[in-house]
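First up is the structure itself, then whatever we jot down about it.
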Amino acid sequence: MPVIRVEKATKQYNEEGRTLYAVRELSLTVEQGDFVFLIGSSGAGKSTLLKLIGGELSPDQGEVYLNEVNIYKAFGPWRTRVARSFGIVNQECQLIRKRTIADNLLLAAAATGMRRKGQEAARKALSIVGLSPVADCYPAELSIGECRRVELARALVNSPPILLLDELTANLDDDTIWDLMHLLNELNSRGTTIVMATHASQYVNIMRRRVVTLVDGRLAGDVRNGKYGRIV
């Protein structure tokens, strides 16, 4: 059962001779089966933390573990195993516009070593998000909400135990957000760990899951059954 452990992680950048901290001495543990809303103002460090957990960025100081494996020191089969543990939806659209939806998912499957079972996995992932009919469409033919659901399908294609979601519901209407929240709740009830950066305060308050608040790259609050903005 995967456990994420961030230990005093710091990520900094240099800008015009100044040192800026995206994440600073941040420690956090996410247990298997948790559903975590990651909240905070723009620039608080949410996206950076997700990228540190998922292995897209390395910390300048501190460590990030998946179970007892240091993500940034893993190599060979361990590195592949770590990569397969995460399904990631970034804030920016990652779909290739000149490829069909099915091809986008097949590429994701191949990247995680599932080339032989890619078509079956892609069909299953699209079915989970309710978009089986769009397999032969191109991203430009879909609505914003449908594209975000496709990106979620892309993240699900290798059946990862952990989902890292960065503003999945941004710029979506209420009905689409609610449908996605229902889907994520169902995935979580089946054991998938979810860490989701969001500004959707209304839905955070309705869902009442674990709420982790970041302020200036530091952990400001960690509340079970929390609400948006509550830090204790």
Side-chain angles (χ1 to χ4, degrees), residues 2 32-38 47 50-51 53-56 80-200 203 206-207 209:
Q32 190 272 335
D34 269 355
F35 192 137
V36 180
F37 285 119
L38 193 60
S47 296
L50 288 176
K51 290 180 185 296
I53 292 172
E56 296 180 79
T80 302
R81 186 176 299 181
V82 167
R84 287 179 178 175
S85 296
F86 297 105
I88 299 171
V89 178
N90 287 309
Q91 195 167 349
E92 304 81 16
C93 180
Q94 301 292 307
L95 298 178
I96 301 172
R97 296 178 61 84
K98 294 185 178 181
R99 298 271 191 165
T100 66
I101 299 305
D103 285 343
N104 270 277
L105 268 64
L106 287 172
L107 287 170
T112 57
M114 293 185 61
R115 192 179 302 274
R116 293 176 60 185
K117 296 183 178 180
Q119 290 187 346
E120 178 183 348
R123 284 196 299 269
K124 180 179 178 181
L126 283 175
S127 176
I128 289 173
V129 302
L131 288 177
S132 295
V134 308
D136 295 325
C137 296
Y138 289 86
E141 299 178 82
L142 306 183
S143 67
I144 294 175
E146 287 171 329
C147 283
R148 294 306 273 170
R149 285 161 66 190
V150 168
E151 290 193 89
L152 179 57
R154 186 176 181 273
L156 291 169
V157 76
N158 65 331
S159 301
I162 304 166
L163 287 176
L164 304 177
L165 310 174
D166 194 354
E167 297 293 351
L168 176 66
T169 59
N171 302 314
L172 302 182
D173 61 68
D174 285 342
D175 287 342
T176 302
I177 294 175
W178 193 233
D179 287 344
L180 282 170
M181 289 297 186
H182 274 298
L183 175 57
L184 294 176
N185 194 54
E186 177 64 23
L187 291 168
N188 180 246
S189 71
R190 297 178 184 179
T192 301
T193 301
I194 296 173
V195 185
M196 179 180 183
T198 185
H199 285 101
Y203 300 93
I206 291 172
M207 298 281 284
R209 310 307 288 264

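Everything numeric in this text was worked out from a predicted model, so none of it was measured.
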**Message:** Looking at Arg148 and Ile177, would you say the former's side chain and the latter's main chain have a donor-acceptor pair under 3.5 Å?
**Reply:** no

Rounding to 0.5 Å, atoms CZ (Arg149) and CG (Leu142) come to a distance of 10.0 Å

Nearest heavy-atom contact between Ala200 and Thr169 is CB-OG1, 3.9 Å

Taking every heavy atom of Met181 against every heavy atom of Tyr203, the minimum-distance pair comes out as CE-CB, 3.8 Å

Backbone N or O of Ile162 within a donor-acceptor pair of the Thr192 side chain at under 3.5 Å?
no

* **CD1 (Ile96) with more than 12 external heavy atoms under 6.0 Å** => yes

Rounding to 0.5 Å, atoms CG (Leu183) and CD1 (Ile128) come to a distance of 8.0 Å

**Asked** Between Leu163 and Leu156, is any pair of side-chain heavy atoms under 4.5 Å apart?
**Response** yes

Shortest non-hydrogen pair, Ala125 vs Ala153, comes out as CB-O, 3.3 Å

One should read off an interatomic distance between Leu95 CG and Tyr138 OH, to the nearest 0.5 angstrom, of 13.5 Å

_Over 60° means perpendicular and under 30° means parallel, so tell me whether Trp178 and His182 are parallel, tilted or perpendicular._
perpendicular

Check: Distance-only, no hydrogens or angles: does the Asn90 side chain make a donor-acceptor pair with backbone N or O of Glu92 under 3.5 Å?
Finding: no

- Query: Sub-3.5 Å donor-acceptor pair from the side chain of Asn158 to the main-chain atoms of Arg84, do we have one?
  - Reply: yes

| Would you say Val36 and Thr193 make side-chain contact, with heavy atoms under 4.5 Å? | no

When every non-hydrogen atom of Asp166 is compared with those of Ala197, the smallest separation belongs to OD1-CB, 3.7 Å

**Asked** Less than 4.5 Å apart, any side-chain heavy atom of Leu184 and any of Leu152?
**Response** yes

Rounded to the nearest 0.5 Å, the CG atom of Leu105 sits from the CD atom of Gln119 at a distance of 11.5 Å

Smallest heavy-atom separation, Ser85 atom then Pro160 atom, equals O-CB, 3.6 Å

Shortest non-hydrogen pair, Asn171 vs Ile144, comes out as O-CG2, 4.4 Å

Has the side chain of Asn104 got a donor or acceptor atom that lies under 3.5 Å from a matching backbone atom of Arg99? yes

Derivation of the side-chain contact (heavy atoms from CB on, under 4.5 Å) call for Leu106 and Val157 | CA-CA 8 Å; Leu106 287 172; Val157 76; over 6 Å; no

### Query
Do side-chain atoms of Asp34 reach the backbone of Ile194 as a donor and acceptor pair under 3.5 angstrom?
no

Of Val129, Leu172, Leu165, the one forming a side chain to side chain contact (heavy atoms under 4.5 Å, CB included) with Leu180 is Leu172

Rounded to the nearest 0.5 Å, the CE atom of Met207 sits from the CG atom of Asn188 at a distance of 8.0 Å

d(Glu141 CD, Thr100 OG1) to nearest 0.5 Å is 10.0 Å

Donor-acceptor check, side chain of Gln94 to backbone of Glu151, threshold 3.5 angstrom: yes or no? no

- prompt: Is the CD atom of Glu120 crowded by more than 12 outside heavy atoms at less than 6.0 Å?
  reply: no

